[in-house]
Structure formats: structure tokens, C-alpha cells
Amino acid sequence: MATTENFISWLRSELQQIRDSGMWKDERVIVSPQGSSVSTLDGEVVNLCANNYLGLADDPEIVQAAVEGLQERGFGMASVRFICGTQDLHKTLEQRIARFLGTEDAILYTSCFDANGGLFETLLGPDDCVISDALNHASIIDGVRLCKAERKIYRHADMADLEQRLREASSKRFRMIATDGVFSMHGDLAPLPEICDLAEKYGALVMVDDSHATGFLGPTGRGTPEYFNVASRIDILTSTLGKAIGGASGGFTTGRAELVALLRQRSRPYLFSNSVAPVIVAGTLKALDIIERHPELVRKLAENTAFFRQEMTAAGFNIQEGVHPIVPIMLGDEKLTVEMARRLNERGIFVVGFSYPVVPRGQARIRVQISASHTREQLERAIRTFVEVANELGLLERRAGKSFR
């Protein structure tokens, strides 16, 4: 009994420290479908914090396809695929993903987190080495920890440091460079051409998690490999169905047929977890149809992103240059970030402040995410409100002639 009381006391102390540090993370309740605006318990707000890049999360065609999938294939599979069988829908989606990305085959997981969690331990052992970007997503970090390969970390996007790590691993059987295609807290893109050059120079494999790019980055939305014209040089690509491609859930790994075949035999999250629900598979197939039929969605997203970035930079906010719809408003101070996010939310702009441990201490930010479904009026309103709140908090110098001042 005493042990339980001590444990509960420790939990309360930890929670209070999080609150006192300004790092407490509230979850806002929404009572509507996901979209460029959403209804909350406090009213309707402009939504600037969803990964709904192409605005497909509430698309009527996808909803109808999901309804039909539910009626025709049921609610769930009730077991894993090698035990209970695999539906034709799942095989069709895997083939569609491979065709969309120009690879030989693909394998579905319940999330990209699971795809990454089941990748490294299946492929690499004590004789191998994984070389990982310092800012990689937690799923890559955790996936690498599960394998027995030697682990090396190179400074974020630092090609000289990556080359040094490759030299150090020269005696290993396999060397795998692992990187996000887009780094979710910064919105910056991995330098894939340079990474591929080094991989070829040192005989290494290249693995890319393209979750924040698949469906919308590149001329036809095929992601960072298409954006940099290096698709044929990427050995392994993992990504998600839970962002641009409908926004529900699910992930995948894609690449050579032999790679996918081995993952089906040995990847633990695939072998020991139910597959993606049929309703989601049906909706995702329709999402891929829409992306291929409507390339204007990719163009609209790029236009919205450029507009928001230009106007916020002109207003004086600290924003890293880039082309991605992830736009981090860098503030630094955790408590200030929480307060700014609170005031923005009170005025109908739905944003979230990010602080430690999601980002390093002292690098707190409000991460804005732009969608193709945002109207110009919504973006203008958001910019005006950002400027208004920032001035109240003394974050911006007053300058004549600023837009939305």
C-alpha cells in the first residue's frame, strides 16, 4: 500500500512540475469533422494545427467511399493478416501505394510509427550500423533502439558530420542512413541529393520517413524524393496515411519487393497487430484517386504556404525560410509560448504551443500548418490576429506600412 501511495505522490509531483514549467499540453475538444475551420466547445475557430495538408479529411468522396467500405467489408479484421487472412482491399492499397511512389511493393502498418518500429530490427543486426539525423522523428529513434546494430547520430543536416560517421562505420556489413524527409518541428527538408551522393560513395543504404511530404510535396505530390529528383536512389521509404492522404490512420513501408517480403515474414508490428481497418483502406484508396485527379490541390497548398510565410516574415516573426506548409513561429520561452497560444485560441485561431520534451528546451514555438483548404480570408485573419497578440506581448517592433498591422 505504501508503495502505491509513494508512486501516486510521485506522479502528482511530476505533473505539477510540468504545469509550473509552462510545458503542460492541453487537448482541445472539437465537435466537428477536421477541416480548415473546426467547431469546438467554445465556438468555431480557424484551424492552423492539423496535418490535413490537402484538405481531404472531410472530403465527401472519401467519406462515401469509407461508408461503402464499411458496408461491404465490415468494421475490422479481428486479427493479424497471416492468421485471419488479408482482404483484397489491403492488397489493392499496397499495390496503389507502390504504383503512386514508383516502387516495387508496399506493406501496410497501423501507423508509420509502427512501420519504423518494425523496420530496423528486421533488417539490421550487430554487424551493421544505423546513422541517424539528430532531429529525426521519435519513431525512427525508437525503431533504431530496438535493433542490435551500432547506432551513430550526425548533426542535423550536416553532411560533413554524416561523412565522418560513414567513415567510422566503414567496416560494417551494412550501413543505413536514416532521415526524415521533412523535419516536423522545423518544416525543413533533408538534403537528399547530398545524402544519396554520400551513400553511393560509401556503399550505404538510404531510408527516408516521408510522412510530412507524401501526397503534396514535389510537382505531383510524390514527396521529397520527387521534389529532389532522387526517387530511384532511395532504398527504403516509410510514410503515413494519417496526414495528406485522407488524414485517418495507417502507415506503410515501400521499396524493393524482397524488402517488403522479408518485412511480411519478420516485422513484429506487422505480425502481431491487426491491420488497418477496411473502412480506412477504402477511404485511402479514394484519397489517392483524388490526389491523382486533382493536381491543383498541390498547387493551392504551395500558394497558401508561400502567402502565409511571406506575410508573417514581413510582419517581423522569426520563421525559418522554406517551402513547407509547416511554419514554426519561433518564440523560445516556454511560458510566453503558452500564453501566446492561449490568446490566439481565445480569438478563434486554433494553434498549439510546442515545448520540451517535444522540442529542446529554449526552442519553444507555435507550429502552424497550412492546408490547401484554407481560404485567403482565413489566412489573412490568422495573420492579423498573430500580429495583434504579438504586439500585446511586446514581441514585435512597431514599423510603419506593415501588412495586417
Side-chain angles (χ1 to χ4, degrees), residues 56 65 69 73 77 80-82 85-123 137 139-140 143 176 178-181 205-218 220-226 230-292:
L56 298 180
R73 296 294 190 277
M77 294 299 292
V80 300
R81 288 168 65 173
F82 85 94
T86 185
Q87 286 186 342
D88 55 342
L89 282 181
H90 294 79
K91 299 301 293 184
T92 299
L93 179 55
E94 288 169 338
Q95 292 161 9
R96 283 290 306 279
I97 289 168
R99 187 168 77 242
F100 181 73
L101 295 173
T103 55
E104 292 181 2
D105 202 356
I107 176 173
L108 290 174
Y109 290 85
T110 55
S111 67
C112 188
F113 207 110
D114 273 351
N116 289 338
L119 179 72
F120 301 97
E121 69 169 344
T122 302
L123 303 178
H137 190 266
S139 59
I140 294 179
M176 182 183 292
T179 182
D180 285 356
L205 301 164
V206 177
M207 172 270 175
V208 177
D209 178 338
D210 221 27
S211 293
H212 284 277
T214 303
F216 64 92
L217 199 64
T220 64
R222 268 64 175 181
T224 52
E226 181 187 54
V230 295
S232 64
R233 303 169 72 188
I234 305 301
D235 298 288
I236 303 166
L237 189 138
T238 65
S239 193
T240 183
L241 309 176
K243 301 188 190 322
I245 310 179
S249 63
F252 62 86
T253 300
T254 188
R256 293 286 296 269
E258 296 87 349
L259 163 76
V260 172
L262 184 59
L263 291 172
R264 290 194 197 282
Q265 297 301 312
R266 293 185 178 171
S267 180
R268 290 168 69 86
Y270 180 81
L271 292 172
F272 295 101
S273 293
N274 284 18
S275 190
V276 184
V279 61
I280 294 174
V281 176
T284 302
L285 283 165
K286 180 58 67 174
L288 287 169
D289 287 343
I290 292 171
I291 291 169
E292 291 182 325

*For the pair M207 and I140, evaluate side chain to side chain contact (heavy atoms under 4.5 Å, CB included) and give the outcome as yes or no after the intermediate values.*
CA-CA 10 Å; M207 172 270 175; I140 294 179; 4.3 Å; yes
*asked:* Apply side chain to side chain contact (heavy atoms under 4.5 Å, CB included) to residues R266 and E121 and explain how you reach the verdict.
replied: CA-CA 9 Å; R266 293 185 178 171; E121 69 169 344; over 6 Å; no
_Trace of the salt bridge (charged side-chain N to carboxylate O under 4.0 Å, His left out) decision for E292 with R99_ = CA-CA 12 Å; E292 291 182 325; R99 187 168 77 242; 5.1 Å; no
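With hydrogens and angles disregarded, a donor-acceptor distance shorter than 3.5 Å links the side chain of E226 to the backbone of G221. For Q87 (side chain) and P278 (main-chain N/O), no donor-acceptor pair under 3.5 Å exists by modelled atom type. Checked by atom type and distance alone, the side chain of D180 pairs as donor or acceptor with a backbone atom of H137 at under 3.5 Å. Counting only distance, with no hydrogens or angles, the side chain of H90 and the backbone of V281 share no donor-acceptor pair below 3.5 Å. Under the 3.5 Å distance criterion, the side-chain polar atoms of T240 are matched with a main-chain donor or acceptor of G250.
Between the side chains of Y270 and T253, no donor-acceptor pair is found at a separation under 3.5 Å.
Residue T86 forms a side chain to side chain donor-acceptor pair (under 3.5 Å) with just one option from K91, R264, R81, E94, and that option is R81. Of the residues T220, T254, I291, the one that meets the side-chain contact (heavy atoms from CB on, under 4.5 Å) test with F100 is I291. Applying side-chain contact (heavy atoms from CB on, under 4.5 Å) to T238 and the options D210, D209, V208 leaves one that passes, D209.
With contacts defined as side-chain heavy-atom distances shorter than 4.5 Å, the pair D235/M176 does not qualify. Under the 4.5 Å side-chain criterion, counting only non-hydrogen atoms from C-beta, T103 is not in contact with L237. In this structure, P269 and T110 have side chains that are not in contact, with every pair of non-hydrogen atoms separated by 4.5 Å or more.
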